[in-house]
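Down below is the structure, laid out as structure tokens.
Only this structure's heavy atoms are used, side chains among them; waters, hydrogens and symmetry mates stay out. In this text the structure is predicted, and so the values were computed from the model without any measurement. Read the numbers this way: they start at 1 and go in the same order the structure lists the ligands and their atoms. In this chain, numbering begins with 1 at the start of the sequence shown.
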Amino acid sequence: MSLWAEERHDAGLDLRYRVRRTLFSEESEFQRIDIVESEGYGKMLFNDGVVMISERDEFVYHEMIVHPALFVHPCVKRALVIGGGDGGTVREILRHPSVEHCRLVEIDPAVVEGCKKHIPQTSAALADPRVEVSIADGVAFVAETDERYDLVIVDSTDPIGPATPLFGPEFYGNVRRVLAPGGVVVSQAESPFYEAERQRSMVSILGDLFERVRIYNYSNLTYPGGLWSFTFASTGDLCPTGDFDPARVRESGFEFEYYGADVHLAAFALPAFQARNLSRRLTPAKGRG
Ligand code: AG3
């Protein structure tokens, strides 16, 4: 008998992964959480049957959601992660020595618990003394907190269930409120193939609230279609390409699996179909950016 874990996608697509064993299954207040050991992708986390991470390719997503902003912002001291209970985003943020405090706000304790038990590759970072984990609704958190951050990362699942408000204007109004002057917000922005309309809506919501708005791409192994995006928005004039200094990446001495100075710049170059879809709302790059 063979066991499969599958992600069933709306577009008539089914992605199936052969499972060696199931490590964790829980029906939480918010969603169903499964952690499995797969045949070819290491351990995998599914929320409501949607792939969140695989050990095999999580480096792509986590490096790309974090480093472009941290290498463009002059000095991120305080970072806020909404979602991302697996800890991968926090792990990459903590590599930057300027970071003094990182708060993770995850709505579902079962995600943090399951990953702490079974996926140390990402979750070990959550034990770092610079990190504070809050089990809370990120939407309410940004509406209520007095804290201010240099960087906010919205490390969300697809716009379904508890994540839906994380794609809306009210939430981003409050994200803007918690950002320090010159602050940056980076958000999980789905697939340019499957979610063209969602990308348009995100870019337009951000465009109403932020000074600069761009979108950039990464290519991974486990999300439907492979090519996925993040939005980048800043409250000040910071341009993710024009204000990017490749020497900073080299001087960091960091070793990456995916990100790098060339990848940084290339990621903001959009395929024509995506650029056309978003053209009306994106901020032009500064200089030759
Ligand atoms: N968050 C990205 C979820 C998007 C995946 N969508 C999908 N498979 N249809 C992952 C959290 C990693 N920290």
Side-chain angles (χ1 to χ4, degrees), residues 5-17 30-36 38 41-67 69 79-94 102-108 110-116 118-126 131 133 138 152-164 166-167 186-196 198-199 202 215-231 257-259:
E6 75 176 9
E7 170 165 349
R8 184 157 288 184
H9 193 266
D10 287 348
L13 172 75
D14 218 353
L15 294 170
R16 304 172 83 215
Y17 300 89
F30 302 101
Q31 59 206 337
R32 185 190 165 90
I33 313 289
D34 296 285
I35 299 177
V36 303
S38 71
Y41 300 84
K43 292 174 195 159
M44 299 181 77
L45 165 69
F46 292 77
N47 290 6
D48 275 339
V50 174
V51 176
M52 294 294 109
I53 56 174
S54 89
E55 284 184 316
R56 171 95 185 272
D57 75 339
E58 57 83 10
F59 67 88
V60 181
Y61 180 95
H62 292 127
E63 287 184 11
M64 289 300 282
I65 200 172
V66 166
H67 298 300
L80 171 66
V81 179
I82 307 288
D86 55 83
T89 295
V90 168
R91 180 192 67 204
E92 294 302 315
I93 289 173
L94 294 177
C102 180
R103 184 185 291 285
L104 176 91
V105 179
E106 164 64 57
I107 198 168
D108 194 340
V111 173
V112 177
E113 199 188 301
C115 292
K116 273 192 176 162
H118 298 289
I119 318 187
Q121 181 173 313
T122 54
S123 65
L126 298 177
V131 177
V133 176
V152 174
I153 294 193
V154 186
D155 185 3
S156 71
T157 178
D158 295 341
I160 46 167
T164 313
L166 298 179
F167 292 81
V186 173
S187 307
Q188 195 284 105
E190 301 287 306
S191 148
F193 287 109
Y194 292 123
E195 296 287 343
R198 173 67 61 180
Q199 292 201 336
M202 287 182 82
I215 194 160
Y216 64 101
N217 291 333
Y218 62 99
S219 177
N220 82 359
L221 197 55
T222 52
Y223 297 167
L227 185 70
W228 278 60
S229 313
F230 296 118
T231 54
E257 301 286 324
Y258 187 97
Y259 179 77

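- Inspection of the N47 and T157 side chains reveals no N or O donor paired with an N or O acceptor under 3.5 Å.
- Note that the CZ atom of R16 and the CZ atom of R8 stand 8.5 Å from one another [nearest 0.5 Å].
- With hydrogens and angles ignored, the 3.5 Å screen pairs no side-chain donor or acceptor of Y218 with any backbone N or O of E63.
- One distance of note links CG of D108 with CD1 of I33; it measures 4.5 Å at 0.5 Å rounding.
- Around ligand 1, the residues contributing at least one heavy atom under 4.0 Å from the ligand are E7, V50, V51, M52, I53, Y61, H62, D86, D155, S156, T157, D158, Q188, Y223, P224, W228.
- Take E106 and apply the side-chain hydrogen bond (donor to acceptor under 3.5 Å, both in side chains) test, not counting sequence neighbours, and it matches no residue.
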Show, in sequence, the C-alpha distance, side-chain angles and deciding distance for Y258 and Y61, and conclude whether the ring pair (Phe, Tyr, Trp, His ring centres under 6.0 Å) test is met. CA-CA 9 Å; Y258 187 97; Y61 180 95; over 10 Å; no
